[in-house]
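Worksheet: one structure, shown below.
In this text, all values refer to a predicted model and were calculated from it rather than measured experimentally. Numbers for residues simply follow the sequence, beginning at 1.
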Amino acid sequence: MDMAEYGGLVTGWLALTHMQANTAGKLEQALQEKHKMSLKEFYMLLFLSEAPGKKLRLQQLESMVGLSQSAMSRLVSRFEAKGCGALQRHICEADRRSVYTSLTPLGQEKVDRAYGTFQSVLLESLPVRELEQTLRALLNAKNADAGT
């Protein structure tokens with residue numbers, strides 16, 4: 001199969017990643033301006049707020065936020081260094097090699113405030129019609145490929 005046959009799929013994929021990157025940039029800017037936090041920090045707090053007991057192993061956060069082990073550890077350390085008291089780290093009693101990060105009540109307040117900003121930026125910035133059209137085009141290209 002030559003490259004021309006995959007054109008619709010590649011074009012759709014590029015359009016989708018372009019929309020995601022633009023929206024992520026706007027989210028990053030708004031979160032920095034209004035809450036002094038990065039998009040990755042927001043994701044970390046959000047995932048912790050949704051977790052049972054508001055705590056997760058550092059390894060779980062790595063995969064959820066999309067960072068390597070060292071990058072996740074640096075992110076947690078930087079956030080702790082801000083002195084905001086939003087996070088606590090705990091050594092797992094059952095497995096002393098595992099480290100848990102938990103959200104404090106202050107951290108919950110921070111994520112709750114930032115969530116409103118996150119949601120309003122998504123509502124304003126996410127090109128929903130364009131996204132729907134791109135997803136339809138991607139599905140059509142994939143279905144056409146599956147049919148050949």
Side-chain angles (χ1 to χ4, degrees), residues 3 6 8-143 145-146:
M3 286 184 9
Y6 286 111
L9 192 59
V10 172
T11 300
W13 172 250
L14 292 174
L16 185 62
T17 58
H18 180 74
M19 281 182 259
Q20 187 277 333
N22 283 341
T23 304
K26 291 175 183 177
L27 288 165
E28 179 79 36
Q29 182 179 3
L31 288 168
Q32 284 289 353
E33 288 175 2
K34 296 180 180 180
H35 305 284
K36 307 288 187 251
M37 77 172 64
S38 70
L39 184 57
K40 295 287 187 184
E41 289 170 334
F42 173 77
Y43 287 151
M44 175 181 62
L45 295 178
L46 180 66
F47 295 139
L48 285 168
S49 75
E50 295 173 342
K54 299 196 185 300
K55 71 178 185 177
L56 291 167
R57 287 182 29 231
L58 210 50
Q59 292 88 344
Q60 291 171 293
L61 271 174
E62 292 164 16
S63 64
M64 295 170 88
V65 176
L67 294 174
S68 67
Q69 179 181 2
S70 61
M72 189 72 228
S73 185
R74 285 191 308 272
L75 179 69
V76 170
S77 294
R78 275 194 316 269
F79 205 76
E80 286 178 323
K82 288 181 178 182
C84 65
L87 301 175
Q88 289 180 332
R89 284 201 226 197
H90 311 276
I91 301 293
C92 177
E93 293 301 319
D95 179 2
R96 310 264 317 145
R97 295 171 295 173
S98 292
V99 176
Y100 279 92
T101 302
S102 63
L103 193 65
T104 67
L106 184 59
Q108 186 65 56
E109 289 175 23
K110 286 179 109 24
V111 74
D112 288 345
R113 283 192 305 269
Y115 189 85
T117 300
F118 187 86
Q119 192 170 24
S120 68
V121 171
L122 280 180
L123 289 169
E124 292 170 14
S125 303
L126 194 62
V128 176
R129 284 200 175 119
E130 186 180 341
L131 181 59
E132 287 174 346
Q133 291 170 348
T134 300
L135 290 174
R136 270 194 216 97
L138 279 168
L139 288 172
N140 290 339
K142 186 174 190 250
N143 290 337
D145 181 50

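Contact of the L122 side chain with the Q119 side chain is not registered, since no non-hydrogen atoms from C-beta on lie closer than 4.5 Å. Between L16 and L131, some side-chain heavy-atom pair lies under the 4.5 Å cut-off. For the pair T23/P127, a side-chain contact is recorded, criterion being any heavy-atom separation below 4.5 Å from C-beta on. Looking at heavy atoms from C-beta onward, T104 lies out of side-chain contact with L87 at the 4.5 angstrom threshold.
For the atom pair D112 CG and E109 CD, the distance stands at 8.0 Å (nearest 0.5 Å).
Shown here for G85 and L106, the closest heavy-atom pair between the two residues is O-CB, 3.9 Å. Across every non-hydrogen atom of L75 and L67, the tightest pair is CD2-CD1, 3.8 Å. Pairing each heavy atom of K110 with each of L45, the nearest pair is CB-CD1, 4.4 Å. Pairing each heavy atom of A30 with each of T117, the nearest pair is CB-CG2, 3.8 Å. Minimum interatomic distance between S77 and R89 (heavy atoms only, all atoms of both residues): OG-NH2, 2.7 Å.
Residues satisfying the side-chain contact (heavy atoms from CB on, under 4.5 Å) criterion with K26, sequence neighbours excluded, are V121, S125. Taking M64 as the reference, F47, L56 meet the side-chain contact (heavy atoms from CB on, under 4.5 Å) condition, with sequence neighbours excluded. For S70, the side-chain contact (heavy atoms from CB on, under 4.5 Å) test picks out S68, R74, with sequence neighbours left out. Residues satisfying the side-chain contact (heavy atoms from CB on, under 4.5 Å) test with S49, not counting sequence neighbours, are L46, L103, Q108, V111.
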Practice task
Could you walk me through whether L39 and Y43 pass side-chain contact (heavy atoms from CB on, under 4.5 Å), step by step?
Solution key: CA-CA 6 Å; L39 184 57; Y43 287 151; 3.6 Å; yes
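Looking only at distances, a side-chain donor or acceptor of T134 sits under 3.5 Å from a matching main-chain atom of E130.
Residue pairs satisfying the ring-ring contact (aromatic ring centres under 6.0 Å, His included) criterion with at least one member in residues 113-143, sequence neighbours excluded, are listed as follows: F42-F118. Among residue pairs with one or both ends in residues 33-46, those qualifying as salt bridge (Lys or Arg N to Asp or Glu O under 4.0 Å) are E41-K82; sequence neighbours excluded.
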